[in-house]
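In what follows, a single structure is set out as structure tokens and then discussed.
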Amino acid sequence: MIVAGFFICLNMMGSIPAEITIQVDQVIGSYDSLLISTGDEIVQKMTYPGFAELAESTGTPLLRMGGMAVEYYDWEANDYNGMHIIDIADLLIPVPLENSLDNLLQFCEETGIEPVLTVNFHINDPGKAGRMVEYCNGDISTAMGAVRASRGHPEPYNVTLWCVGNEPDMSGFAMAFPPYGEITFFRHFGIPMDSWAVDDSVFVTADEFAELVSVYIDTMRASSPITLEIGGLSLAQNLSWIKPVLELNREDMDWMDIHYYPVVSFSADSMQYRYWLASPTSGSTTKPPLEEWYPMIVDTVEKYSGGYDIPLWVMEYNIMAMVDDPMWSNYLDGLFLADCIGHMAKADVPVAAFYSIAEGDPGEDAFPQYGIIRTDTLSMRSSAWVIKLFDERFGNTLVEASSNQVAGGYGLEVYASRFDDWTVSLMVINKNLDSAYTTSINLTGFTSDGTADVWQIVNDRPIDAPWNGTSGINYQGEITGSSDSFYYTFPKASVTCIWINPDPAAIEEEYFSVPVSLVSFPNPATGFVSFHYELQELASGRLDIFNISGRLIKSFEFNQSSNSSSNLITWDRTDNNGTAVPPGVYMAKFTLNNSDISDVTKLILLH
């Protein structure tokens, strides 16, 4: 208690006045929990006792398994337990794995996290990719389904989300890796892994990659009895690859991926912390501000998409801090993550995966530079608590919010949302490492009942494991204000969520200008799904169901001509062609005809 009190006293010193304005009736977009997805190297061990429970508790919905390691990964080797080759300078070291494809997918089954699997492009072996798909999705009558069954899992895993390769545009890029020498990425293009040599120097070009994507996609789809959603391109940064890949594959690929690492550094200090934290807002030497960077790439994708809808996902992002720095990795990285989630929601990013979900081994001394969960000590970092806070406390409708103390990205950032009942949720990130902000919160287009609830993540514990700098999400209690304003002091280096409660009387009088609501049940669902919608007046419209890539799957039309105020639509889990859809995450959008009035809900289909 003395230690915690000491930290709180520090946080209250040196407060700066600030003002936040929330325009609750000004909708600027939507927030989807797919923005709190995570990812990792496909060789990451997932079988540490207790890890699954911590991962599930964060609420992260998707896990993208790929990384650089996937291009040095043979999932069939070592009797289907997998093998990874360490390829540095004049070293080629095969490492048998403890973490098989089955371990990974059973981890996802246990936690309810949907996997996104990446296949190796480096060896240019679409047959191996096809066998991997069949192993995951084929029944026991198929060759690979029978192998899976012999390993103890007769039922298919039914993996729907896939990607062809990881960062092929890094081919030929050399990076120092002391003390071993230099890594030259993907230098064995088209060579079977058992024939690799240290003097190989064969690199894929953008045109060659475009051609192999076409073969990979056809082979993978032919190997699955269920529909696949395939990402045809996963880029590090070289946008010149977009044109050849999309021109050849835009009819066949379902989404593409770009990675966001605004800073790469091999050292850390307080000045660099400030630069890293500011980069999503103000940009870096290599990237413009996030809300400018993402639309720029969307424009490039649309330029070469030929009119096809190819959503752009961000399936890796972080600061690439190649340094053992507990202050950053254990605590401050959570502030960066929280700010990125807000910026990505405003930029209309559909899916984003923070790198990474786990790192560390209790039998090794190496410091885990990444991983929202430390598996060396089985402990959550601030980044894991941030994901959990967004999952539990942030609303689905994004509204206009501003702070007068953004300070070039090294100050007070605010993101605001509202729930269907018009409770307002603020996510406030104080990236200032030295000062708190005593803040007036002003509300327009909204009437509060004068009460609000506060949850907070602060640096109130030792920076080393198992605390990693914070005791987690702490409820601060209820604060009071007026119908349109509140005051609160945001501690330095903190993430705070404030729920501002609406005045019930004002809701009846002011807020039912959107006369529609939509609820799906059961959710998650193992069978048919029912949609219950309520209208304030007679109306006609449609219910559209989209898959995770944003493609239309099923449509229903309705025409409410009676005075009934509620209605029901039942979905049998088939698409518009009558074909059963696979398990996964779907979005249902309910829209009134001749109006921009709509409501959206997310649903999860289970096996």
Side-chain angles (χ1 to χ4, degrees), residues 37-56 58 60-85 95-120 128-138 144-145 147-166 220 223-224 226 228-231 234 257 315-316 353-361 368 370-373 375 378 582-585 606-607:
S37 300
T38 50
D40 217 312
E41 303 296 321
I42 200 164
V43 299
Q44 172 63 40
K45 184 177 177 180
M46 297 292 182
T47 55
Y48 296 103
F51 170 56
E53 289 82 356
L54 285 187
E56 183 178 9
T58 67
T60 187
L62 294 183
L63 178 61
R64 182 254 187 181
M65 299 304 290
M68 288 294 188
V70 76
E71 305 304 341
Y72 304 90
Y73 171 64
D74 183 346
W75 73 275
E76 293 174 298
N78 187 28
D79 195 23
Y80 295 98
N81 289 310
M83 182 182 68
H84 175 236
I85 294 183
V95 180
L97 297 175
E98 300 177 34
N99 191 61
S100 69
L101 190 58
D102 293 281
N103 293 142
L104 167 61
L105 295 176
Q106 288 166 30
F107 165 83
C108 290
E109 287 184 329
E110 181 181 351
T111 58
I113 300 172
E114 184 169 6
V116 184
L117 292 184
T118 308
V119 297
N120 182 325
K128 181 178 280 289
R131 292 193 298 276
M132 187 174 176
V133 171
E134 185 177 282
Y135 185 89
C136 293
N137 297 349
M144 298 314 301
V147 174
R148 183 195 64 243
S150 73
R151 290 172 53 80
H153 200 284
E155 293 300 317
Y157 291 111
N158 288 328
V159 179
T160 61
L161 299 174
W162 297 80
C163 189
V164 179
N166 178 79
M220 292 165 69
S223 303
S224 177
I226 63 173
L228 305 182
E229 300 293 324
I230 301 177
S234 175
D257 168 31
M315 298 307 279
E316 278 189 34
F354 189 66
Y355 184 89
S356 62
I357 194 171
E359 191 172 312
D361 189 287
Y370 302 97
I372 66 170
I373 296 171
T375 43
L378 198 63
V585 179
L606 302 178
H607 299 294

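Across all non-hydrogen atoms, the minimal contact from V133 to S224 is CG1-CB, 3.6 Å. Listed here is the closest heavy atom pair of R131 and E76: NE-OE2, 2.7 Å. When all heavy atoms of P154 and R148 are compared, the closest pair comes out as O-NH2, 2.8 Å. For the pair M46 and I357, the tightest heavy-atom approach, listed with the atom from each and the gap, is CE-CG2, 4.1 Å. The two residues S234 and C163 come nearest to each other via the heavy atoms CB-SG, 3.8 Å. Taking both residues in full, the closest heavy atoms of P49 and L378 are given as O-CD2, 3.2 Å, listed atom of the first, atom of the second, then distance.
D102 and Y135 share a donor-acceptor pair across their side chains, judged by distance under 3.5 Å alone. Using a 3.5 Å distance cut-off with no hydrogens or angles, the side chains of Y48 and D361 do pair a donor with an acceptor. Remark: the E114 side chain and the T160 side chain contain an N/O donor-acceptor pair separated by less than 3.5 Å.
Side chain of T38 to main chain of A353: no donor-acceptor pair is present (N/O by atom type, distance under 3.5 Å, no hydrogens or angles). Using modelled atom types, one side-chain atom of E41 and one backbone atom of M68 make a donor-acceptor pair closer than 3.5 Å. Of the possible donor and acceptor atoms, none in the side chain of R64 sits under 3.5 Å from a partner among the backbone N and O of V116. A donor-acceptor pair under 3.5 Å is absent between the side-chain atoms of E316 and the main chain of Y355, judged by distance alone. When atom types are taken as modelled, the side chain of D40 and the backbone of M65 share no donor-acceptor pair closer than 3.5 angstrom. Panel note: side chain E359, backbone T375; no donor-acceptor pair is recorded below 3.5 Å.
Considering only heavy atoms from C-beta on, F51 comes within 4.5 Å of I373 through its side chain. For the pair V70 and V43, the minimum side-chain heavy-atom distance is 4.5 Å or more. Taking the side chain as every heavy atom from C-beta outward, R151 and N81 approach each other to under 4.5 Å. Within the 4.5 Å cutoff, the side chain of L97 has heavy atoms near those of the Y73 side chain. Two residues are said to be in side-chain contact when any heavy atoms from C-beta on lie closer than 4.5 Å; L63 and P115 fail this criterion. Side-chain contact check for T47 versus F107: every heavy-atom pair is 4.5 Å or farther apart. Using a 4.5 Å cut-off on side-chain heavy atoms (C-beta onward), L105 and C136 make contact. Considering only heavy atoms from C-beta on, L228 comes within 4.5 Å of M220 through its side chain.
Going from atom SG of C108 over to atom CG of N103 covers 11.0 Å, rounded to the nearest 0.5 Å.
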Hey, mind stepping through I113 and E56 against side chain to side chain contact (heavy atoms under 4.5 Å, CB included) and telling me if it holds? CA-CA 7 Å; I113 300 172; E56 183 178 9; 5.7 Å; no
Can you check side chain to side chain contact (heavy atoms under 4.5 Å, CB included) on L101 and L117, steps first, answer last? CA-CA 10 Å; L101 190 58; L117 292 184; 4.1 Å; yes
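Checking each of N120, V159, N137, V119 against M132 for a side chain to side chain contact (heavy atoms under 4.5 Å, CB included) leaves exactly one that passes, namely V119.
Using cut-offs of 30° and 60° on the angle between ring planes, the pair W75 and Y80 is tilted.
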